[in-house]
2 protein chains.
Amino acid sequence: MATRGVSVTNKLREALLGGEYAGGTRLNEVDLADSLAVSRTPIRAALSTLAAEGLLEYRPNSGYAVKSFAAKDIEGIYVVRANLEGLGARLVAQQGLSDLHRGLLHKVLTESEELQNVEDWNDEVSDVWRDLNDRFHNTLIEASGNSHLAMMLRKSRAIPLLNQLKFRWFDLGTLARAHDDHCQIFAAITGGQVVRAESIASEHVYRSGQRIIEHWRKMDTRKPVAAAKARAA
Amino acid sequence: MATRGVSVTNKLREALLGGEYAGGTRLNEVDLADSLAVSRTPIRAALSTLAAEGLLEYRPNSGYAVKSFAAKDIEGIYVVRANLEGLGARLVAQQGLSDLHRGLLHKVLTESEELQNVEDWNDEVSDVWRDLNDRFHNTLIEASGNSHLAMMLRKSRAIPLLNQLKFRWFDLGTLARAHDDHCQIFAAITGGQVVRAESIASEHVYRSGQRIIEHWRKMDTRKPVAAAKARAA
DNA sequence: CCACGATCGATTGCATACAGTTGGTTCAAG
DNA sequence: CTTGAACCAACTGTATGCAATCGATCGTGG
């Protein structure tokens, strides 16, 4: 088993990404320590780590607060992410796929294909698709062999609430389109179509971002209230 | 004055970026605490932060070690950085420069122009040019208004030893070429030449990366020795 | 001579006590 | 009623002691 510090970090990260704390919420060390049944020491370690990861904001002598993202921030993040995923696809197309990674990607696509037959959208389908989508993108980046790129993308994906939004609000039509994009990216890569691989991958992510931002804007109207209340508390 | 934790973090970060610790060196908490005249607590906070920033590697129950970068890593980082700087230039070209940022960039270029008249390359020139170069790139990214992009680039630039290498090994010819690139990027941006701005900026960084990697390879032969020795100590 | 295992030193992990800072509240003066 | 300053409570910052873990060394058995 890992140290308490590490496991607290993971628990907190999950909670933050799951959107359990509203943006702007101040995190009290003793409360966290009590609720997680550890002392303040591992809590502080976790908070400092998560701040460096960009999920929290730190103010000396004041503590840590949950970073809040406005629609504009999400837009900026997705512009970057689209670029980076495009770069990843380009690199893979250039240097070719190893048998291992080709197999993994093919498996994802096969399983995604099966998902096309479902009749209506529900939470279970959403979870399965999220897993498949993550696997596709992660495998692709891993295949690029660029660990720094992988790290950057990991950070670009770590946005609170995002996973919930992204997949709960999906529908079968969007799913079909996304799956088709994946297939086209895969085809472009195996066919050595470097520019095309980059374009499709980039556009695929960008489009996904547009959907998110649209929904995010709807939430932004009532969010400042919660944030302000949290800040006041 | 900031807390000890923060100032220790800054001191250590500077030391790491300055290349004071060989890659692979294990950082002993009590030694650091003694040499910086603080207790282990702020040291631990700093280490955890720097690990999350990617300058150190953490292994539970074993501690922190200075991350070492092979030539391949540098290459990967520069591929990403070239793409991101290109993106930044493109964004700025698209949305136009504010008066403030246009002024700042113009000032940098004017000062750089003066630097073209120096007769030979020395440490002072190197320092001045490093400052000008940093200001140009930082201002450009700031002008894009994308804070996430700025954060990513900050991380892509934070590589130990890099600043030393980059500018000590420069020469007047390379300086002239780099300055010219900056001018062209500026011209493309003010002229709204979106694609051109992106291309030049990206290529400008990529080329700089090539130079670094070349020199890095020369060091890599004797580096593993130092790293192994440090690991043993 | 080699392989395996126990022991020991060194180092990190964690909890806790205490010090310092912040910002909010209260009280008094204008 | 407003303003300001002193006060206070709550929280974070730091030091330190002890527990737990790891790796190396030494010893023992094959």
Side-chain angles (χ1 to χ4, degrees), chain A residues 1-13 15-16 21-68 227-233, chain B residues 1-13 15-16 21-68 227-233:
Chain A
M1 181 188 164
T3 67
R4 293 174 219 265
V6 173
S7 70
V8 165
T9 305
N10 291 333
K11 273 197 191 112
L12 266 180
R13 188 189 292 113
L16 287 167
Y21 300 94
T25 309
R26 282 194 46 189
L27 296 181
N28 185 304
E29 294 179 3
V30 292
D31 289 350
L32 284 173
D34 285 349
S35 72
L36 292 175
V38 295
S39 80
R40 279 176 57 212
T41 307
I43 298 286
R44 285 179 65 80
L47 292 177
S48 113
T49 298
L50 293 170
E53 286 182 13
L55 290 173
L56 300 176
E57 274 173 350
Y58 172 63
R59 244 182 61 202
N61 290 315
S62 170
Y64 297 85
V66 180
K67 192 163 180 179
S68 58
K229 194 182 288 179
R231 212 168 288 127
Chain B
M1 181 189 164
T3 67
R4 295 174 219 268
V6 173
S7 69
V8 166
T9 306
N10 292 333
K11 272 196 193 113
L12 266 180
R13 188 190 292 112
L16 287 167
Y21 300 94
T25 309
R26 282 194 46 188
L27 297 179
N28 185 304
E29 295 179 4
V30 292
D31 290 349
L32 285 172
D34 286 349
S35 72
L36 293 175
V38 295
S39 79
R40 281 175 55 214
T41 307
I43 298 286
R44 285 178 66 79
L47 292 177
S48 120
T49 298
L50 293 170
E53 286 182 13
L55 289 173
L56 300 176
E57 274 175 350
Y58 172 64
R59 246 182 60 202
N61 291 315
S62 168
Y64 297 85
V66 179
K67 193 164 177 177
S68 59
K229 194 183 287 179
R231 212 169 288 127

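Each chain gets a letter, A, B and so on, in the order its sequence line appears, and its residues count up from 1. Note that the structure is a prediction, hence the values are computed from the model and not measured.
- A nucleotide of DNA chain D counts as in contact with chain B when one of its atoms lies under 4.0 Å from a heavy atom; the first and last such, 5' to 3', are D:dG13 to D:dG23.
- Contact annotation for A:Tyr58: backbone-only contact, meaning every heavy-atom pair under 4.0 Å involves sugar-phosphate atoms and none involves a base.
- A distance-only check finds a donor-acceptor pair linking the side chain of A:Thr49 to the backbone of A:Ala45 [under 3.5 Å].
- Map A:Arg59 and A:Arg40 each onto its nearest nucleotide of DNA chain C; the residue landing nearer the 5' end is A:Arg40.
- The CG atom of A:Leu36 sits 11 Å away from the P atom of C:dA15 (whole-angstrom rounding).
- Whole-Å rounding puts the A:Asn28 CG to C:dT22 P distance at 17 Å.
- Here the C1' atom of nucleotide C:dG13 and the OH atom of B:Tyr64 are 10 Å apart, to the nearest Å.
- Within 4.0 Å of B:Leu27, counting heavy atoms only, lie sugar-phosphate atoms of the nucleic acid but no base atom.
- Residue B:Leu32 contributes atom CG, which lies 13 Å from atom C1' of C:dT12 at whole-angstrom precision.
- Across all strands shown, B:Thr41 has heavy atoms under 4.0 Å from base atoms, whether or not it also approaches the sugar-phosphate.
- Rounding to the nearest 0.5 Å gives a distance of 11.5 Å between CG of A:Leu55 and CG of A:Leu47.
- Between the side chains of A:Ser48 and B:Ser48, a donor-acceptor pair is found at a separation under 3.5 Å.
- The interatomic distance linking A:Arg44 (CZ) with C:dT12 (C1') rounds to 18 Å, in whole Å.
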